[in-house]
Peer 1: 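Before I ask anything, here is the structure I am working with.
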Amino acid sequence: SSMGEIIAFNLEGNITLREQLYRPSPEARFQLSLDALGKTFVIIRQDEQVFGVLDYRGKLLFEKNFLSPAALARGQLEVQYYKDCAGNELFAVTDQVQEFTYLFSAQGILIKDRPIESSYPVGILFYENENRYQVFRNFENEFSVLSFSL
């Protein structure tokens, strides 16, 4: 739930699990972020100071507190989750206030040395045979494609 409660049901509609995730502050909000193929998900936790990513069980993968406080406070971070066929996980976090997209590994390491300017969430493709990513981004009236390898 948006308050951080995990509720599991069986096929008969009975509750089989009810668990509260850690809320670092009363303002903390939670949401699910599906991977691009819709096969799995992560849990996103945001409050006025910190942005965090948790796995599907609620275990913290990483937290960041250097993102725009204005975007965190207004809930204007768009999180995209990519899990490619090689098992690599990539997170694209778009700060809609500053118009930046940060690319993170599953360990929370910033992939590019600085954020990508983008007015909207990005599109990402992984080319397994080349072990290369392409990022499609739009900033103001400009569209471009960026390539990188991990």
Side-chain angles (χ1 to χ4, degrees), residues 1-11 13 15-128 131-138 145-150:
S1 73
S2 64
M3 300 304 282
E5 188 173 29
I6 296 177
I7 304 169
F9 298 88
N10 63 19
L11 293 176
I15 296 175
T16 60
L17 172 74
R18 182 174 233 133
E19 180 179 324
Q20 176 64 49
L21 294 173
Y22 170 68
R23 293 182 71 201
S25 74
E27 293 80 26
R29 296 177 308 280
F30 296 81
Q31 67 183 46
L32 295 181
S33 181
L34 292 172
D35 77 319
L37 299 176
K39 293 184 177 183
T40 187
F41 65 90
V42 292
I43 301 167
I44 307 304
R45 180 178 67 205
Q46 293 183 53
D47 66 16
E48 293 178 353
Q49 303 292 320
V50 179
F51 162 81
V53 177
L54 298 86
D55 69 12
Y56 69 94
R57 292 186 184 118
K59 179 184 171 205
L60 182 67
L61 297 175
F62 67 90
E63 286 184 322
K64 297 294 175 187
N65 61 1
F66 66 87
L67 300 171
S68 165
L72 282 168
R74 295 184 205 153
Q76 292 182 301
L77 290 180
E78 176 77 28
V79 180
Q80 297 166 269
Y81 172 45
Y82 293 88
K83 185 170 185 176
D84 63 40
C85 51
N88 298 316
E89 293 177 297
L90 185 72
F91 297 90
V93 181
T94 302
D95 178 332
Q96 297 171 337
V97 173
Q98 295 186 47
E99 295 186 309
F100 285 135
T101 296
Y102 300 85
L103 299 177
F104 295 105
S105 69
Q107 295 77 32
I109 298 168
L110 192 60
I111 292 174
K112 304 291 282 177
D113 57 346
R114 61 179 203 224
I116 299 167
E117 292 180 318
S118 60
S119 301
Y120 304 96
V122 297
I124 299 177
L125 291 177
F126 175 67
Y127 297 94
E128 183 179 15
N131 196 30
R132 181 176 54 89
Y133 289 90
Q134 282 190 325
V135 178
F136 300 83
R137 63 122 188 172
N138 182 283
V145 180
L146 309 169
S147 293
F148 67 93
S149 298
L150 289 181

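Heads up: numbering here begins at 1 and tracks the sequence.
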Peer 1: Is a side-chain N or O of S1 found less than 3.5 angstrom from the main chain of M3, in a donor-acceptor match?
Peer 2: yes
Peer 1: Under a 4.5 Å cut-off applied to non-hydrogen side-chain atoms, are V53 and I44 in contact?
Peer 2: yes
Peer 1: Could you tell me the separation between the OG atom of S105 and the CG atom of L61, rounded to the nearest 0.5 Å?
Peer 2: 10.0 Å
Peer 1: Does some side-chain heavy atom of S119 sit less than 4.5 Å from a side-chain heavy atom of Q96?
Peer 2: no
Peer 1: Measure the OH-CG distance between Y133 and L125 for me, rounded to the nearest 0.5 Å.
Peer 2: 11.0 Å
Peer 1: Would you say the side chain of T40 lies within less than 4.5 Å of the side chain of Y81, judging by non-hydrogen atoms?
Peer 2: yes
Peer 1: For R45 and P24, which heavy atoms make the closest approach, and how far apart are they?
Peer 2: CD-CD, 3.7 Å
Peer 1: Do you know the tightest heavy-atom contact between P121 and Q80?
Peer 2: CB-OE1, 3.4 Å
Peer 1: Test I116 against L146 for side-chain contact (heavy atoms from CB on, under 4.5 Å), laying out the working first.
Peer 2: CA-CA 9 Å; I116 299 167; L146 309 169; 3.7 Å; yes
Peer 1: Cation-pi check for Y127 against R132: NZ or CZ below 6.0 Å from the six-membered ring centre and within 45 degrees of the axis, yes or no?
Peer 2: yes
Peer 1: Does some side-chain heavy atom of E63 sit less than 4.5 Å from a side-chain heavy atom of L60?
Peer 2: yes
Peer 1: Atom CZ of residue position F148 - does it have more than 12 heavy atoms of other residues, nucleotides or ligands inside 6.0 Å?
Peer 2: yes
Peer 1: Is a side-chain N or O of S2 found less than 3.5 angstrom from the main chain of F30, in a donor-acceptor match?
Peer 2: no
Peer 1: Working to the nearest 0.5 angstrom, can you tell me the gap between Q31 CD and I43 CD1?
Peer 2: 11.0 Å
Peer 1: Report the distance from atom CG of D47 to atom CZ of R29, rounding to the nearest 0.5 Å.
Peer 2: 8.0 Å
Peer 1: For V145 and V135, run side-chain contact (heavy atoms from CB on, under 4.5 Å): C-alpha distance rounded to whole Å, both residues' side-chain angles, the deciding distance at 0.1 Å, then the answer.
Peer 2: CA-CA 6 Å; V145 180; V135 178; over 6 Å; no
Peer 1: What's the verdict on side-chain contact (heavy atoms from CB on, under 4.5 Å) for T101 and V93, showing C-alpha distance, side-chain angles and the deciding distance?
Peer 2: CA-CA 5 Å; T101 296; V93 181; over 6 Å; no
Peer 1: K83 and side-chain contact (heavy atoms from CB on, under 4.5 Å): which partner among N88, D35, V42, L37?
Peer 2: D35
Peer 1: So Q107 and F62, side-chain contact (heavy atoms from CB on, under 4.5 Å) or not? Walk me through it.
Peer 2: CA-CA 6 Å; Q107 295 77 32; F62 67 90; over 6 Å; no
Peer 1: Assess whether atom CZ of F136 is packed by more than 12 heavy atoms of other residues, nucleotides or ligands within 6.0 Å.
Peer 2: yes
Peer 1: Is the shortest side-chain heavy-atom distance between L17 and I7 below 4.5 Å?
Peer 2: no
Peer 1: Would you call the rings of F104 and Y102 parallel, tilted or perpendicular if under 30° counts as parallel and over 60° as perpendicular?
Peer 2: parallel
Peer 1: Just by modelled atom types, is the A8 backbone N or O under 3.5 Å from a matching donor or acceptor in the T16 side chain?
Peer 2: yes
Peer 1: Taking atom CZ of F91 and atom CZ of F51, what is their separation to the nearest 0.5 Å?
Peer 2: 8.0 Å
Peer 1: If you define the side chain from C-beta out and look only at heavy atoms, does anything of S118 sit under 4.5 Å from T94?
Peer 2: yes
Peer 1: Applying salt bridge (charged side-chain N to carboxylate O under 4.0 Å, His left out), name anything that partners E5, two or more places apart in sequence or on another chain.
Peer 2: R18
Peer 1: Is there a side-chain contact between L103 and L110 in this structure, where contact means two heavy atoms from C-beta onward sitting under 4.5 Å apart?
Peer 2: no
Peer 1: Calculate, to the nearest 0.5 Å, the distance between atoms NZ and CG belonging to K59 and L21 respectively.
Peer 2: 14.0 Å
